[in-house]
Amino acid sequence: MILLESHNFVIYTTLTEKAAKPSSLDVVFVDFDGVRFHMSTPEKKTVLQLSMSIRCWDELALYGALDILKREYGSLIKATTEPEYNVTLQIDLEQLPADTEGRDAILKSISLMKRNVLGAPFELAFREQKALEDSGGSRGQLMQVHYRDEEAIYIQAASDRVTVIFSTVFREETDRVFGKLFLQEFVDARRPGIQNAPPSIQNAPQVLYSNRDPPLEIRDLPGLRHSEDIGYVTFVLFPRHFAKSDVSFNTISHIQLFRDYLHYHIKCCKAYMHSRMRHRVSEFQKVLNRAKMEAATAERKTVTGRTMISR
């Protein structure tokens, strides 16, 4: 299976091209989960402006998204945000480092803006888990991120773990069947007795899946749906999954893309099955064509020997 990249490829490639050869630009594009970007050069070719709009900005700002943006981008954050957007960066291409490695690191960091903003509640939960472990507390606040229509991420820290719950909607019956199969594989992957399972599987987060009924952690929240087209996926993260900075970075990058990863592979699976069905129908048509009997074309002649031709 393919792991989706956490950085925005369009932002990275565009910034790389404009850093090498500045030119006028005005483009609007979207990322996963309806996140909208606007890249433009409103003043001059060497000063590029990047704005982002995300529907759950108010919730993310409550959990420290602005602090993360200031930590990652500092002076690049523009004081005046572009209308209809939540945050705007201003990149002066002439001020980028001259060495290729340093310039590439800055451009890669800018292309991770969506990832960094969505990572705010996860970083807060990891800090809360550490504080609860030291103080002997039980549970932290339940954070809700409604990043899509009818879907949300719920994050809650405890003294020994961080629980992350995804709610996802399956619009079609086939999506529900494929989704259940995929998610059941996540659940079964860590069961003991699996042959040839790599050690990393046993160190992976615990995964639980429930259909229709919300998990206990969020069952009392108002407004939850109880229908057959919705499923809940629970990840249980232990301190080993976020104790180190590099491990924590990878954990946040991978888990926030889980919903997109799941539905992407459902669509790939359906496309593959459709292609196999078309191939099988084509093979059946060939068999039927070979089974057709050729009509006899006996030559008929008159008494005088002339050939009769039907018109």
Side-chain angles (χ1 to χ4, degrees), residues 4-8 11-12 30-37 50-79 81-82 84-89 106 108-133 137 139-149 151-158 161-168 205 217-218 221 233-239 241-261:
L4 303 178
E5 295 179 334
S6 56
H7 72 281
N8 187 286
I11 295 177
Y12 179 73
V30 296
D31 201 341
F32 294 117
D33 308 319
V35 179
R36 184 161 49 97
F37 291 98
L50 173 63
S51 300
M52 182 185 71
S53 172
I54 183 169
R55 68 183 65 194
C56 55
W57 171 257
D58 293 337
E59 294 172 330
L60 295 174
L62 186 64
Y63 302 137
L66 282 173
D67 295 333
I68 292 179
L69 289 175
K70 292 177 182 178
R71 181 191 70 196
E72 296 294 329
Y73 305 116
S75 60
L76 295 181
I77 301 176
K78 197 174 180 181
T81 305
E82 184 178 353
E84 299 182 4
Y85 290 87
N86 303 120
V87 60
T88 300
L89 303 183
I106 291 179
K108 191 67 172 289
S109 175
I110 295 173
S111 66
L112 287 168
M113 182 162 63
K114 170 180 174 281
R115 179 262 171 214
N116 292 332
V117 169
L118 277 175
F122 293 95
E123 292 193 14
L124 178 58
F126 295 163
R127 293 195 299 269
E128 285 188 350
Q129 186 277 327
K130 181 62 177 176
L132 291 171
E133 185 180 16
R139 291 186 180 276
Q141 62 172 321
L142 177 61
M143 292 175 280
Q144 306 178 47
V145 181
H146 297 84
Y147 68 117
R148 295 179 64 92
D149 292 337
E151 299 183 24
I153 305 175
Y154 305 93
I155 308 168
Q156 187 175 40
R161 69 189 66 190
V162 172
T163 304
V164 181
I165 302 172
F166 285 84
S167 65
T168 183
E217 291 84 354
I218 62 173
L221 292 178
V233 187
T234 303
F235 289 88
V236 182
L237 304 178
F238 296 101
H241 297 125
F242 52 83
K244 299 180 180 179
S245 59
D246 56 337
V247 177
S248 173
F249 182 89
N250 291 329
T251 298
I252 295 174
S253 299
H254 290 156
I255 199 169
Q256 66 180 222
L257 285 172
F258 170 76
R259 190 267 177 199
D260 305 312
Y261 168 88

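What you are looking at is a predicted structure, and each value in this text was computed from that prediction instead of being measured.
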Exercise: identify the closest heavy-atom pair between [X] and [Y]:
X	Y	answer
H146	Y154	NE2-OH, 4.4 Å
A125	M143	CB-CE, 3.6 Å
T81	Y85	CG2-O, 3.2 Å
L118	C56	CD2-SG, 4.3 Å
S6	L112	OG-CD2, 3.6 Å
G140	L132	N-CD1, 3.5 Å

Counting N and O atoms only, with roles assigned by atom type, does the side chain of [X] sit under 3.5 Å from a partner on the main chain of [Y], one being a donor and the other an acceptor?
X	Y	answer
S248	A243	no
T251	F242	no
N86	I54	yes

From [X] atom [atom1] to [Y] atom [atom2], the distance as rounded to the nearest 0.5 Å:
X	Y	atom1	atom2	result
L257	L4	CG	CG	6.0 Å
I255	F166	CD1	CZ	5.0 Å
I155	L124	CD1	CG	9.0 Å
L60	I68	CG	CD1	9.0 Å
S109	L89	OG	CG	9.0 Å
S111	D31	OG	CG	10.0 Å

Exercise. Answer yes if the side chains of R115 and S253 hold a donor-acceptor pair under 3.5 Å, and no otherwise.
Key: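 Indeed, the side chains of R115 and S253 share at least one donor-acceptor pair under 3.5 Å.
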Exercise. Would you tell me whether Q141 and Q156 have side-chain atoms, one donor and one acceptor, within less than 3.5 Å of each other?
Key: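 Per modelled atom types, Q141 and Q156 side chains form no pair under 3.5 Å.
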[X] versus [Y]: any side-chain heavy-atom pair under 4.5 Å?
X	Y	result
Y147	Q256	no
W57	L62	no
F126	I252	yes
K114	N8	no

Exercise. Just jot down the side-chain contact (heavy atoms from CB on, under 4.5 Å) partners of K78, sequence neighbours excluded, or say none.
Key: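 Only Q49, T88, Q90 meet the side-chain contact (heavy atoms from CB on, under 4.5 Å) criterion with K78.
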Quiz item: Can you name the residues that form a side-chain hydrogen bond (donor to acceptor under 3.5 Å, both in side chains) with E72, not counting sequence neighbours?
Solution: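 None.
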Practice problem: For the pair V164 and V162, evaluate side-chain contact (heavy atoms from CB on, under 4.5 Å) and give the outcome as yes or no after the intermediate values. | Solution: CA-CA 7 Å; V164 181; V162 172; 4.3 Å; yes
Quiz item: Looking at the rings of F235 and F258, which for Trp means the six-membered one, are their centres under 6.0 Å apart?
Solution: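 Close enough - the centres of the two rings lie under 6.0 Å apart.
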Self-check item: Residue pair E217, L142: steps toward the side-chain contact (heavy atoms from CB on, under 4.5 Å) verdict
Solution: CA-CA 9 Å; E217 291 84 354; L142 177 61; 5.5 Å; no
Exercise. Look at R139 together with E128 and state whether they make a salt bridge at an N to O cut-off of under 4.0 Å.
Key: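 No.
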Quiz item: Can R55 and D149 be counted as an ion pair, charged N to O under 4.0 angstrom?
Solution: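 Yes, R55 and D149 are salt-bridged.
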Quiz item: Sequence neighbours excluded, which residues qualify as salt bridge (charged side-chain N to carboxylate O under 4.0 Å, His left out) partners of R161?
Solution: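 With neighbours one apart ignored, the set is empty.
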Practice problem: Check the pair I165, V233 against side-chain contact (heavy atoms from CB on, under 4.5 Å), reporting the backbone distance first and the verdict last. | Solution: CA-CA 6 Å; I165 302 172; V233 187; over 6 Å; no
Exercise. Evaluate the criterion side-chain contact (heavy atoms from CB on, under 4.5 Å) for residue pair Y73 and M113; output intermediate values, then yes/no.
Key: CA-CA 9 Å; Y73 305 116; M113 182 162 63; 3.7 Å; yes
